[in-house]
Enquirer: 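Structure in structure tokens, see below.
Naming: A, B, ... by sequence-line order, numbering from 1 per chain.
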There are 2 protein chains.
Amino acid sequence: MKRNIYDVARNMNLSPGTISKILNGKGNVSTKTRERVLKYVEEIGFTPNSSARTLKSKKSLTIGIVFSDISNFGLEHPFFSSVLQQFKNYIEIFGYEIVFIVNRVGNYDLSYLKWCLVKNVDGVLIVTGNINKPNIIELVNSEIPTVSTDIKMDDLYSVMSDDFMGMKLGLEFALKLGLRKLACVSGPLTSRAFYERYLAFKEILEENNLTFKEKYFRVSPTYGFTGGYNATKELLEEVKEAPDFIFALSDEIAYGVIRALEDSGLKVPEDVSVIGYDDVSFSKHFTPALTTIRQYKKEIGETAAKRLLALIDGTVKPEKQVELIPVSLVIRDSTKKVNLKQ
Amino acid sequence: MKRNIYDVARNMNLSPGTISKILNGKGNVSTKTRERVLKYVEEIGFTPNSSARTLKSKKSLTIGIVFSDISNFGLEHPFFSSVLQQFKNYIEIFGYEIVFIVNRVGNYDLSYLKWCLVKNVDGVLIVTGNINKPNIIELVNSEIPTVSTDIKMDDLYSVMSDDFMGMKLGLEFALKLGLRKLACVSGPLTSRAFYERYLAFKEILEENNLTFKEKYFRVSPTYGFTGGYNATKELLEEVKEAPDFIFALSDEIAYGVIRALEDSGLKVPEDVSVIGYDDVSFSKHFTPALTTIRQYKKEIGETAAKRLLALIDGTVKPEKQVELIPVSLVIRDSTKKVNLKQ
DNA sequence: TCGTTTTTCCTAATTCATAAAATAATTATT
DNA sequence: AATAATTATTTTATGAATTAGGAAAAACGA
């Protein structure tokens, strides 16, 4: 059952070296023998042992994934798991596979970088991580090609949504609807995405000669329903004038916001318009169907994959350090109708 | 930077073999040298190369995962990705890690089994797969320890929710509420879970002297919102008497069911009570909050992990071929209130 | 003290494939 | 046909660890 390259060589009356060459499509081998061997290999379904290959060649056809550094949600995180899925789909076309970077192997505790070296990963994708963790810093500064879909650092290629654009789309739509009392419920600002959206929110308000009021910008400690609910409740309590617009910085926060508004006797979208962020699959089925900023997870995952594979090949260096993927505004029922306005 | 066991040996004035023994905690080594080496290894942060280890020892500390054989959802599948996450968390404690079984490595197309052999995985978890695929059959019948959280086969250990119990809990609750026109919207019956729930539905109706009517059991081609919506619309059209209860066999189907009912002018729970299945995180925030059968993903993932690790160690053979994890009924607002009945 | 046993450590073989150097075989050139 | 140039194949070394078997050293008994 278990065959190695020597068995093949023996049966073909050739040397292992020749078999290896044929299997890797390199070197000078006559067409006859090549085809003969290829046929045989196909027949018996032989594949060279993966450990031996990476041991000798230092290539593992493997991409290390840094995932759940902030949250414990891991694979359950709706946005990131989707980005990862797309990334995975893409690299698999080229024979690569993903492995999760953990901080131990057998009995050894390891740093991310150590782990990568021990495992000989060809590259690393940081789906989500924390810029301040020494583990991450060490990894990014190493020789190993690395791409991120979440964090930004010097010498790190990043592929992510254009958060400024998202905020701009949302806020300008609100302004077009005639709304002026603009509030925002964000997730934790320790997350890069939320922080940048926060900056954008501020900046865009000022661009439009509206003053940014601290009390209208709420930070929830989570990016889920409950956080959005509580933050909104607090907002409504602490503020004299209820907002007529709330930008919820994740769809799930948006659901919490809407529920809190309803529980406080405010109607969505009649009294308050709400925009979410992400456009997770369920948002169109929610009542009211959620107006939201759509992030293109497939685009992000695939672009990250392309960039990383290019870095590994050493062919083309992506010229942009940070590649922003456009987002779009999906208008549904949680915001006032435009025609009502006109 | 890159060190091997020979470097360590040289610096310690010992042979590579001795270092290896110490690192693996086996064989006869004096306490003095053991501690001296361990201290040094700790200091320089040395870890033996993973490929070389598995090449020689045939152990990879790696579990192969069969995932998206039916759906293309992959990591985005709310239930299975969660089970996988729990599984992963558990095995990582013991130094194992997961790798996704794909059907190629480099330029070679492989069967699942071949892939496992090439990669030397120590065991396999079939999170979800299709019993009829030759790939799966070959894998299950191989020597490689395998556990599943979805499918059942001879010689395959399975850990999964008690579907009969779930259906029983749901239906008996409906009966207790005085409901007698019981309908069901299922996902595709090609999935084991849906099929078994279908059988249970039938059986339990008969146990209670109610006749099973084909028209009241609808099969949606998907397990999502839209499938549930369409199936319910069809149900209502084809049937003279609207049901007073619909058992939706996934939460997402349940959302679709409820929307369809509302669109048809039926109130939930006043006119029709609806029970979902899964208890995904969002079900409690839905309006109306969903009464549903809760599956214990953590329990399933962890138990599967324990069973698989036991099989790998060869210590204890799990005595039960199929281990059923109990489910529970979570009563919320999509079903009639009990006290209204009394 | 000498021989035996046990403990400790080393040597060498093994795992499997790849890469570079060396050799053999074939083709081309004059 | 003889030599040069190419092409095809083999040989050998290498990658980094594990393991079985053997040697040396220490411990033990008489």
Side-chain angles (χ1 to χ4, degrees), chain A residues 1-38 40-41 44 46-62 95 105-108 114-120 122, chain B residues 1-38 40-41 44 46-62 95 105-108 114 117-120 122:
Chain A
M1 257 299 137
K2 49 179 178 184
R3 292 207 192 72
N4 59 32
I5 210 168
Y6 289 86
D7 297 323
V8 176
R10 200 177 317 113
N11 292 333
M12 291 281 99
N13 282 319
L14 288 167
S15 72
T18 308
I19 308 295
S20 173
K21 276 183 187 174
I22 294 171
L23 259 24
N24 293 293
K26 56 174 85 166
N28 309 310
V29 183
S30 71
T31 322
K32 287 161 258 164
T33 44
R34 158 167 292 116
E35 279 168 2
R36 188 167 62 97
V37 170
L38 249 25
Y40 177 70
V41 161
I44 65 168
F46 167 78
T47 314
N49 178 292
S50 147
S51 307
R53 293 189 110 181
T54 83
L55 174 59
K56 184 75 231 259
S57 71
K58 312 274 188 203
K59 297 221 154 200
S60 63
L61 286 171
T62 270
V105 46
N107 305 312
Y108 309 94
K114 272 275 161 49
W115 190 93
C116 289
L117 294 174
V118 165
K119 287 282 179 177
N120 271 314
D122 297 333
Chain B
M1 255 299 137
K2 50 180 175 182
R3 290 208 193 72
N4 59 30
I5 211 169
Y6 291 87
D7 297 323
V8 176
R10 200 176 319 112
N11 291 334
M12 292 281 99
N13 283 318
L14 289 165
S15 75
T18 308
I19 308 296
S20 172
K21 276 185 187 169
I22 293 171
L23 258 25
N24 293 295
K26 58 174 83 168
N28 312 311
V29 183
S30 69
T31 322
K32 283 162 260 163
T33 44
R34 158 168 290 115
E35 279 169 1
R36 189 166 63 98
V37 171
L38 249 26
Y40 178 70
V41 162
I44 65 169
F46 168 77
T47 314
N49 177 291
S50 146
S51 308
R53 293 189 110 180
T54 82
L55 174 58
K56 182 71 229 245
S57 70
K58 313 273 186 204
K59 296 222 155 199
S60 63
L61 286 171
T62 269
V105 47
N107 305 312
Y108 309 93
K114 272 275 160 51
L117 293 174
V118 166
K119 287 283 179 177
N120 270 314
D122 296 334

Enquirer: Rounded to the Å, how far apart are B:Leu23 CG and C:dC9 C1'?
Expert: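 So the CG-C1' distance, B:Leu23 to C:dC9, works out to 16 Å.
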Enquirer: Considering all heavy atoms of both residues, which atom of B:Arg53 and which atom of B:Asn24 are nearest to each other, and what is their separation?
Expert: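 Closest approach of B:Arg53 to B:Asn24, heavy atoms only: NH2-OD1, 2.8 Å.
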Enquirer: Which heavy atom of A:Phe46 sits nearest to which heavy atom of A:Leu23, and what is that distance?
Expert: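 Smallest interatomic distance, heavy atoms only, reads CE2-CD2, 3.6 Å.
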Enquirer: Using atom CD1 of A:Ile19 as one end and atom P of C:dA19 as the other, report the distance to the nearest whole Å.
Expert: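 Atom-to-atom, A:Ile19 to C:dA19, this comes out as 15 Å.
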Enquirer: How long is the line joining CZ of A:Arg10 and C1' of C:dC16, in whole Å?
Expert: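 After rounding, the reported distance stands at 13 Å.
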Enquirer: Under 4.0 Å between a side-chain N/O of B:Thr18 and OP1 or OP2 of C:dC10, yes or no?
Expert: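 So the side-chain polar atoms of B:Thr18 do come within 4.0 Å of the phosphate oxygens OP1 or OP2 of C:dC10, strictly under.
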Enquirer: Contact class for B:Lys32 (heavy atom, under 4.0 Å): base, sugar-phosphate, or nothing?
Expert: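 If one applies the 4.0 Å heavy-atom cut-off, B:Lys32 turns out to touch nothing in the nucleic acid.
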Enquirer: A:Arg53 side chain N/O closer than 4.0 Å to the phosphate oxygens (OP1, OP2) of C:dC16?
Expert: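 No, A:Arg53 has no side-chain N/O under 4.0 Å of OP1/OP2 on C:dC16.
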Enquirer: Under 4.0 Å between any heavy atoms, over every strand shown, what does A:Thr33 touch: base, sugar-phosphate, or nothing? Just pick one.
Expert: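 It contacts sugar-phosphate atoms only.
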Enquirer: Could you tell me whether the side chain of A:Lys56 has a donor or acceptor atom within less than 3.5 Å of a complementary atom in the base of C:dT18?
Expert: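 Check passes, donor-acceptor contact within cut-off.
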Enquirer: Identify the heavy atoms of A:Thr54 and B:Ser51 that sit nearest to each other, and give their distance.
Expert: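 Scanning both residues, the minimum pair turns out to be OG1-OG, 2.6 Å.
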Enquirer: Which is the 5'-most and which the 3'-most nucleotide of DNA chain D that has an atom under 4.0 Å from a heavy atom of chain A?
Expert: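 Terminal contacting nucleotides, 5' to 3': D:dA8 to D:dA16.
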Enquirer: Let me know the distance between CG of A:Asn24 and C1' of C:dA17, rounded to the nearest Å.
Expert: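 These atoms are roughly 9 Å apart.
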Enquirer: Heavy atoms only: give me the nearest B:Lys21-B:Val29 pair and the separation to one decimal.
Expert: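 Result for this residue pair: CB-CG2, 4.2 Å.
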Enquirer: Quick one: B:Asn120 CG to C:dA17 C1', roughly how many Å, whole number?
Expert: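 One finds 14 Å between C1' of C:dA17 and CG of B:Asn120, rounded.
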Enquirer: Round to a whole Å and report the spacing from CG of B:Asn28 to C1' of C:dC10.
Expert: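 Taking CG of B:Asn28 and C1' of C:dC10, I get 13 Å after rounding.
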Enquirer: Would you say the side chain of B:Ile22 lies within less than 4.5 Å of the side chain of B:Leu38, judging by non-hydrogen atoms?
Expert: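 SC-SC contact between B:Leu38 and B:Ile22 confirmed.
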Enquirer: Identify, with sequence neighbours excluded, every residue that meets side-chain hydrogen bond (donor to acceptor under 3.5 Å, both in side chains) alongside A:Tyr40.
Expert: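 A:Tyr40 satisfies side-chain hydrogen bond (donor to acceptor under 3.5 Å, both in side chains) with A:Asn11 only.
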Enquirer: Between P on C:dA19 and NZ on A:Lys58, what's the gap in Å once rounded to a whole number?
Expert: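 My rounded result for the distance is 12 Å.
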Enquirer: Taking for each residue the nucleotide of DNA chain C with the nearest heavy atom, is it A:Lys21 or A:Asn4 whose nucleotide lies nearer the 5' end?
Expert: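 The 5'-side residue here is A:Asn4.
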Enquirer: For A:Met12 and A:Arg36, which heavy atoms make the closest approach, and how far apart are they?
Expert: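 Answer, listing the atom of A:Met12 first, then A:Arg36: O-NH2, 3.2 Å.
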Enquirer: Any base atoms under 4.0 Å from B:Lys59, or only sugar-phosphate, or nothing? Heavy atoms, all strands.
Expert: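 The answer is nothing, as B:Lys59 stays clear of every strand by at least 4.0 Å.
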Enquirer: Please report the distance, rounded to the nearest Å, between CG in B:Asn49 and P in C:dT15.
Expert: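 Those two atoms, CG and P, are 18 Å apart.
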